[in-house]
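A short worksheet on the structure shown next.
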Amino acid sequence: MDCVFCQIVAGKIPSKTLYQDEEVIAFRDINPMAPTHLLIIPKRHIPSLAHLSDAETSLIGLMAKIANELAREEGISESGYRLVISSGEEGGQVVPHLHMHLLGGRRLSGKLC
Ligand code: 5GP
Ligand code: ZN
């Protein structure tokens, strides 16, 4: 398996893990774009949001719930933060394993894209 995030899930690539349960793991982005930049990913390899099956839609709610909890722990719940899921090449997705970015800790650009 050459997927970098699957290797993080397997512990073969170290990461600054902040949370994990049976389905999801969250860790700090290696190249942070903001003071808080976390990635929340499913442990199961799902290539992108576009590959999410109908039976898996609750996973996104779970990831958002964990992001909210982590935002509170990071002290940015009140100041504000942004959740981003990029899907596919033109969506800007680089790592082909579904992930949600949690960004905050400074005023983010008003530009969405
Ligand atoms: P994408 O552009 O696919 O939405 O985001 C992929 C993110 O994964 C990037 O922000 C990148 O910095 C992060 N990333 C890539 N490889 C690693 C890694 O090995 N460890 C960690 N912690 N983050 C990574
Ligand atoms: Zn993977």
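Just follow the structure's listing: the first ligand is 1, and inside any ligand the first atom is 1. Quantities reported herein were computed from a predicted structural model and do not represent experimental measurements.
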Logged contact type for V95 with ligand 1, heavy-atom cut-off 4.0 Å, is both
Ligand 1 versus R28, non-hydrogen atoms closer than 4.0 Å: side chain, backbone, both, neither?
backbone
Take I8 and L39 through the side chain to side chain contact (heavy atoms under 4.5 Å, CB included) test and state the conclusion after the steps.
CA-CA 11 Å; I8 285 176; L39 297 169; over 6 Å; no
Hphob cluster co-occupancy, [X] + [Y], side-chain heavy atoms under 4.5 angstrom:
{"X": "V24", "Y": "I85", "result": "yes"}
{"X": "L52", "Y": "M100", "result": "yes"}
{"X": "I25", "Y": "I40", "result": "no"}

Nearest-0.5 Å distance that lies between atom [atom1] in [X] and atom [atom2] in [Y]:
{"X": "I66", "Y": "L38", "atom1": "CD1", "atom2": "CG", "value": "12.0 Å"}
{"X": "E74", "Y": "R28", "atom1": "CD", "atom2": "CZ", "value": "4.0 Å"}
{"X": "I76", "Y": "T36", "atom1": "CD1", "atom2": "OG1", "value": "4.0 Å"}

Nearest heavy-atom contact between L98 and S48 is CD1-C, 4.1 Å
Using modelled atom types and a 3.5 Å cut-off, is there a donor and acceptor pairing between side-chain atoms of Q93 and backbone atoms of P47?
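A pair under 3.5 Å: yes.
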For [atom], find the nearest protein heavy atom and state the residue, atom name and distance (0.1 Å precision).
{"atom": "atom 23 (N) of ligand 1", "result": "I30 N, 3.2 Å"}
{"atom": "atom 7 (C) of ligand 1", "result": "D29 OD2, 3.4 Å"}
{"atom": "atom 5 (O) of ligand 1", "result": "H99 NE2, 3.1 Å"}
{"atom": "atom 8 (O) of ligand 1", "result": "F5 CZ, 3.4 Å"}

For [X], counting its heavy atoms only, list the atoms of ligand 1 lying under 4.0 Å from any of them.
{"X": "L39", "value": "8 (O), 13 (C), 23 (N)"}
{"X": "V4", "value": "19 (O)"}
{"X": "G92", "value": "2 (O)"}
{"X": "V94", "value": "1 (P), 2 (O), 3 (O)"}
{"X": "N31", "value": "12 (O)"}
{"X": "Q93", "value": "3 (O)"}

Angle subtended at the Zn ion (ligand 2) by SG of C6 and SG of C3, nearest 10°:
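About 120°, to the nearest ten degrees.
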Heavy-atom side-chain contact between M33 and H101 under 4.5 Å:
no
By atom name, which N, O or S atom belonging to H45 lies closest to the Zn ion (ligand 2)?
ND1
What's the atom name of the N, O or S in H97 nearest to the Zn ion (ligand 2)?
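Going through the N, O and S atoms of H97 one by one, ND1 ends up nearest to the Zn ion (ligand 2).
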Answer with yes or no whether I8 contacts ligand 1, where contact means a heavy atom under 4.0 Å from a ligand atom.
yes
State if H101 counts as touching ligand 1 under the rule of any non-hydrogen atom under 4.0 Å.
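Within the 4.0 Å threshold, so yes.
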Test log, rule side chain to side chain contact (heavy atoms under 4.5 Å, CB included), inputs V95 and I41
CA-CA 11 Å; V95 176; I41 74 168; over 6 Å; no
